[in-house]
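Just follow the structure's listing: the first ligand is 1, and inside any ligand the first atom is 1. Each residue takes its place number in the sequence, starting with 1. Model, not experiment: these values are computed from the prediction.
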Amino acid sequence: MEQKRGGFASSIGFIMAAVGSAVGLGNIWGFPFKMGANGGFTFLLVYLVLAVFCGFAIMVAELALGRSTGKGVIQAFGTLSGKYKWVGWLAMLSPFCLMSFYCTLGGYCAQYLVTNLSFLATSFDGSTGAELFALTLENQWSAVAATLIFLLVSFGIVKGGIAGGIEKFNKIGMPALFILLIVVIVRSLTLPGAMDGVSFMFSPGWSVANGYLEEAPSFFAVLATAGSQMFFSLSLAMGAMITYGSYLSKSENLGKNAVLIIIFDTIVALMAGLAVIPAAIATYGKSAELGGPSLLFVTLQDVFNSMGSTVGPLFGIVFYSLVIVAALSSSISLLEVLTTVIIDRQKTKGKPENRGKAALVMTIPLCITTFLVAFDGLGTIDTWQLIPSMGCWLNTFDFFAEGLLMPLGALSMSILFGWVVKPDFLVQENRAKGVAFKAAPFFVFSLKYLCPIIMLLVLLGQLNDFLGLGLY
Ligand code: TRP
C-alpha cells in the first residue's frame, strides 16, 4: 500500500526551509569577501545577472523535478529514465562530501560559542583569535566531539520530519538569524573606521586602489567566481531543491518561490557582509583576513576581544549563535537529501517508511568522514590523506563537492533538461493546478543555452582554482 508522504505544512514554512538551506557559511565567509575582492558593486551585479539567467532556471527545474516525481534525487532522475540515475548520484555524493566538512565547521562555531560564554561568565583570558584558533585545531578530540554533536543535532531535526523538524526549526531559526544579524550590523557599522569596510565591499576598484589586493582580477575570473558562489549559495546542483520540492504542494507557484529564495539569500549575504567586513577592517585594517575560516575564527574573535570584557563576549555569543543557525539550517537540508534517498529505497523494497532509520543510515558513514575532517585540524596535524596535495581533509571533500560534483552535476542537469528529456514536462509541472508560468519561454531558453555555457565556465573556474591550473 502506498503511504502518504509527509510534506511542508505551509508556504512560508517551505520558503523558510529553502532560504535556510541557501543561507549558510557561504553567505558569511564567502560572499562578502569575494564581492570586495572582485569589483564590489560590479560583482553584485554580475552575481545577480548570473542568478537571473542561470540560477533561476536551475532552481525552478530542480523544484519541478522533485515535485513532479515526489522522489529524492536518485529516483527522481531514475523516473526520467534508468539511464540518468547517475546524475542523481552526482547530486547525492556532493551533499555527502559537503556535509562531511560542514559539521566540523559547525562544531568549531559551537566551541567558539562556549568560549565566549566562558569569557562572559568568568573573564577574558587574554588570548588572541589566532591563539584560540590554533588551540581549537590542536585539540582534536574536542573538535571531534563538537563535530559529532553538530551532526547529531542535525540528525535529530531531520528525524523529526519535514513539517515537524525541518520546517519548525527554520520557522524560528530564520527570523532569529535576521534579528541577530541586525544587532551585529549596528555594532559593526558604528565602529570608528567602519566605512572603509563598506567601501571595500561596495566600491568598484576600492580594494585594489587601497592595497587590499595586489591586482584586479580578470573579467573571466570575476565571472567564474560569481557563478560558483551563486550556485553554492543557492544550494543548487546538490539535490537540495529537488528534495524540498518533492515535499511541496501542487498549488505552490514554483517560479515565485524561486525568486523569493534568490532575493532572501542575496539580502542575507549582503547583511552578513555588513556585519563582518566593516568590523574586521575597522579593527584590523589591511591585515585583517576577510574570508574563510580565518575570518570567522581569528579576525572576528579578535574584533570581539577588542570590545571589552562584557560587551565583547556578548557580541561573540550573538554572532556565533547566528552562524550556528545558518550552518544548521544548511546541514539539515544536506542530510535530508541523503535521508530522502533512503526513504525512497525503503518504499521500493515494500517496507514501511522509517525516517529515523533512514537518517541514521546516512549519519553513520558521516560520523567517519566528519571525524577525518575534525581530526586533522584543517591540516595542522599530520594524518593520512586520500589526496595529499589537497593539504587537509576539508579541502579534499571541498574539491569533490564544490570543485567537481557540483559543476558537473549542474552541467549534466542542464544538458539533460534542455536537450535530452526536453523541458516540456517541467513547464507542465509549473502549471499544475492552473498556476500561471509566464516565464516559461525564458526558462526553456535559459536551460537550453545559457545554463550549459555558464556551467562550463564555472567548472573551468573551479578546476582552475582547486588545481591551480593558472588558466587566467
Ligand atoms: N548554500 C549553502 C551556503 O551558502 C551551502 C550549500 C551548498 C548547501 N549546497 C547545499 C546547503 C545544499 C544545503 C544543501 O553555505
May I ask you to check whether Glu336 and Thr340 show a side-chain donor-acceptor distance below 3.5 Å?
yes
Less than 3.5 Å apart, any donor N or O on the side chain of Ser235 or Tyr244 sitting next to an acceptor on the other?
no
When distances are taken from atom 4 (O) of ligand 1, the protein heavy atom at minimum range is Ala22 O, 3.1 Å
In terms of atom number and element, which parts of ligand 1 are under 4.0 angstrom from non-hydrogen atoms of Leu98?
6 (C), 7 (C), 8 (C), 9 (N), 10 (C)
Under 4.0 Å between a side-chain nitrogen and a carboxylate oxygen: does that hold for Glu429 and Lys250?
yes
Check step by step if ring-ring contact (aromatic ring centres under 6.0 Å, His included) holds for Trp89 and Tyr84.
CA-CA 9 Å; Trp89 276 99; Tyr84 309 132; over 10 Å; no
For atom 8 (C) of ligand 1, what's the nearest protein heavy-atom neighbour? Residue, atom name and distance, please.
Ser235 OG, 3.3 Å
Tyr102 neighbourhood, listing ligand 1 atoms whose heavy-atom distance to it stays under 4.0 Å
2 (C), 3 (C), 5 (C), 15 (O)
Does Phe31 come within less than 4.0 Å of ligand 1, judged by its heavy atoms?
no
Yes or no: does Ser21 have any heavy atom under 4.0 Å from an atom of ligand 1?
yes
Using distance alone, with no hydrogens and no angle criterion, decide if Ser142 and Gln111 have a side-chain donor and acceptor under 3.5 Å apart.
no
Purely on distance, is any nitrogen or oxygen of Ser330 under 3.5 Å from one on ligand 1?
no
Among protein heavy atoms, which lies nearest atom 7 (C) of ligand 1, and at what distance?
Phe232 O, 3.1 Å
Mind checking whether Phe297 and Tyr112 have parallel, tilted or perpendicular rings, split at 30° and 60°?
tilted
Separation between CG of Leu372 and CD of Gln385, rounded to the nearest 0.5 Å
8.5 Å
Which of the numbered atoms in ligand 1 are under 4.0 angstrom from any heavy atom belonging to Ala240?
12 (C), 14 (C)
One finds that the ligand 1 atoms under 4.0 Å from a non-hydrogen atom of Asn27 are 4 (O)
